[in-house]
Amino acid sequence: MKEIMGEIIPMQNKNQEYENPIIVFLWNAEKDWPVEFVSDNIQQFGYNANDFISGDKTYAQIIHPHDIDEVRENIRRICKEGIKEYTHRYRILTADDQERWVLEKTLVERDIEDEPCHFQGFIMDITGQMDSEEMSVDMISTKSPVVAFVWKVEKGWPVEYVSDEIEKYGYTTEEFLSGNLNYGDIIHKDDLKRVEEELSRRCREGYNDFYQEYRIYTKESQIRKVAERTLIIRDENGNPSKYQGIIEDL
C-alpha cells in the first residue's frame, strides 16, 4: 500500500475537541429523550455536557418550540415502522436563546423485544447553509459529511453498521458488513497500534468515549487523515459491548 513519511498524528487537546462541529449523542428512547451521553463540544451551543447527563435538561427542551411537534411525530413514525436510521433537520435554541439549524443523523437501537431503547447519533450546525439566500430547507443536502459506524468489540473491529457515506473513500457498505473487510484493515499501519492501545486504555479505565486522529487508506490506497469520535457502549456489567461512532475527513 502507498505510504507517506511523517510524524505520528497527536490526539487533539480539549480546546480543539470543543471546536469540532460534530456533537455525538446517546439518547434514551423515553419521553423528551433524556441524554445518557453527549460529547463535550456541546459547549458550542452554550451548554455543559453535565447539564444533560445529570438529567437536569432533556434534549427536547432545546428543540425549537415551532419544530418540536414535527420532530416528535417523525420519531414516533420511525419507531413504529421499524426504521433503523434516520436523518432530519430542525432548529434548536442555544443557552442564550439563539436559533440554530441542525442536521441530525441517528441509529435506532432496539432491545430483544424489538422495541427502541436508545437513539445513537450526532448533530451538526448547518445554520450557515440555511442562512444562504440561495438555499431553502428542501435544498439543503441530508448527506452527512461524516461516516457513521457501529463496530463489534473484537480484534480488528468488525463492522456491524456503516453509513453510505463510506463510498467517498471508495468502499461499499457490503464490503464491511459481509465480514470480508474489518475497519482495522483500512487504518494506516503506522497508526494502528497507537489507536488500538488508546482505545484499550479508555475501555479499561472506564471511559464512555474515545477521540483520536489517525490516517486511513482509501480503496485506491490513497491516505486520508480522519478524526474518530466514538461512544463506548457498555453492558450491565460495565464491559464494552459495542463501539458506535463517526469518522470525519480532516
Side-chain angles (χ1 to χ4, degrees), residues 6-27 35-53 59 102-107 109 118-125 144-157 159-163 165-166 168-169 182-184 186-217 223-234 238-250:
E7 298 179 354
I8 293 296
I9 304 166
M11 289 185 64
Q12 281 191 323
N13 62 37
K14 276 293 183 182
N15 289 334
Q16 291 173 310
E17 196 170 345
Y18 292 155
E19 294 170 1
N20 190 302
I22 311 295
I23 302 170
V24 178
F25 273 95
L26 177 64
W27 297 278
V35 175
E36 192 167 308
F37 173 86
V38 59
S39 53
D40 286 329
N41 59 340
I42 188 66
Q43 290 189 7
Q44 65 190 270
F45 294 131
Y47 300 108
N48 186 286
N50 194 56
D51 295 337
F52 295 92
I53 297 171
Y59 188 68
V102 296
L103 174 72
E104 177 192 335
K105 184 155 191 171
T106 294
L107 304 178
E109 181 182 347
H118 289 94
F119 302 114
Q120 305 172 24
F122 65 85
I123 66 170
M124 64 175 295
D125 191 336
S144 168
V146 301
V147 185
F149 276 95
V150 177
W151 296 280
K152 297 178 182 179
V153 183
E154 299 175 13
K155 182 175 176 58
W157 307 302
V159 174
E160 188 173 301
Y161 167 85
V162 58
S163 61
E165 285 84 2
I166 193 63
K168 67 184 179 181
Y169 297 112
N182 288 340
Y183 186 69
I186 72 170
I187 296 179
H188 193 286
K189 64 180 184 179
D190 291 341
D191 296 348
L192 181 58
K193 183 177 180 181
R194 172 173 56 85
V195 175
E196 290 175 330
E197 290 177 347
E198 179 61 17
L199 178 57
S200 177
R201 182 185 70 80
R202 293 189 75 81
C203 288
R204 185 175 63 252
E205 295 180 1
Y207 287 89
N208 291 320
D209 65 320
F210 169 79
Y211 181 91
Q212 195 160 181
E213 297 177 8
Y214 51 85
R215 293 163 292 179
I216 65 170
Y217 296 104
I223 295 174
R224 306 289 282 274
K225 180 180 177 181
V226 298
E228 177 190 336
R229 185 185 296 275
T230 291
L231 297 180
I232 301 170
I233 309 298
R234 297 177 182 271
N239 299 315
S241 58
K242 68 174 67 174
Y243 306 123
Q244 185 267 322
I246 55 175
I247 64 167
E248 177 186 8
D249 194 331
L250 297 180

Considering residues at least two apart in sequence or located in another chain, which fulfil the salt bridge (charged side-chain N to carboxylate O under 4.0 Å, His left out) criterion with [X]?
X	result
E196	none
D125	R100
R234	none
E154	none

Applying ring-ring contact (aromatic ring centres under 6.0 Å, His included), can you list everything that pairs with [X], at least two apart in sequence or on another chain?
X	value
Y183	F149, W151
F210	none
F45	none

My understanding is that only residues two or more places apart in sequence, or in another chain, count here; which of them pass side-chain contact (heavy atoms from CB on, under 4.5 Å) with [X]?
X	value
E197	K193
E36	L26, N28, H118
V153	P240, Y243

side-chain hydrogen bond (donor to acceptor under 3.5 Å, both in side chains) against N48, all qualifying residues, sequence neighbours excluded = none
Contacts of Y47 that satisfy side-chain hydrogen bond (donor to acceptor under 3.5 Å, both in side chains) - sequence neighbours left out = none
Between K105 and E165, is a salt bridge (Lys or Arg N to Asp or Glu O under 4.0 Å) present by the stated rule, with each step listed?
-> CA-CA 12 Å; K105 184 155 191 171; E165 285 84 2; 2.9 Å; yes
Between the main-chain N or O of L231 and the side-chain N or O of N208, is there a donor-acceptor pair closer than 3.5 Å?
->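 Not a single qualifying donor-acceptor pair exists.
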Please tell me if the side chains of Y169 and D249 come closer than 4.5 Å, counting only heavy atoms from C-beta onward.
-> yes
Shortest non-hydrogen separation from Y161 to A148 and the atoms involved = CE2-O, 3.9 Å
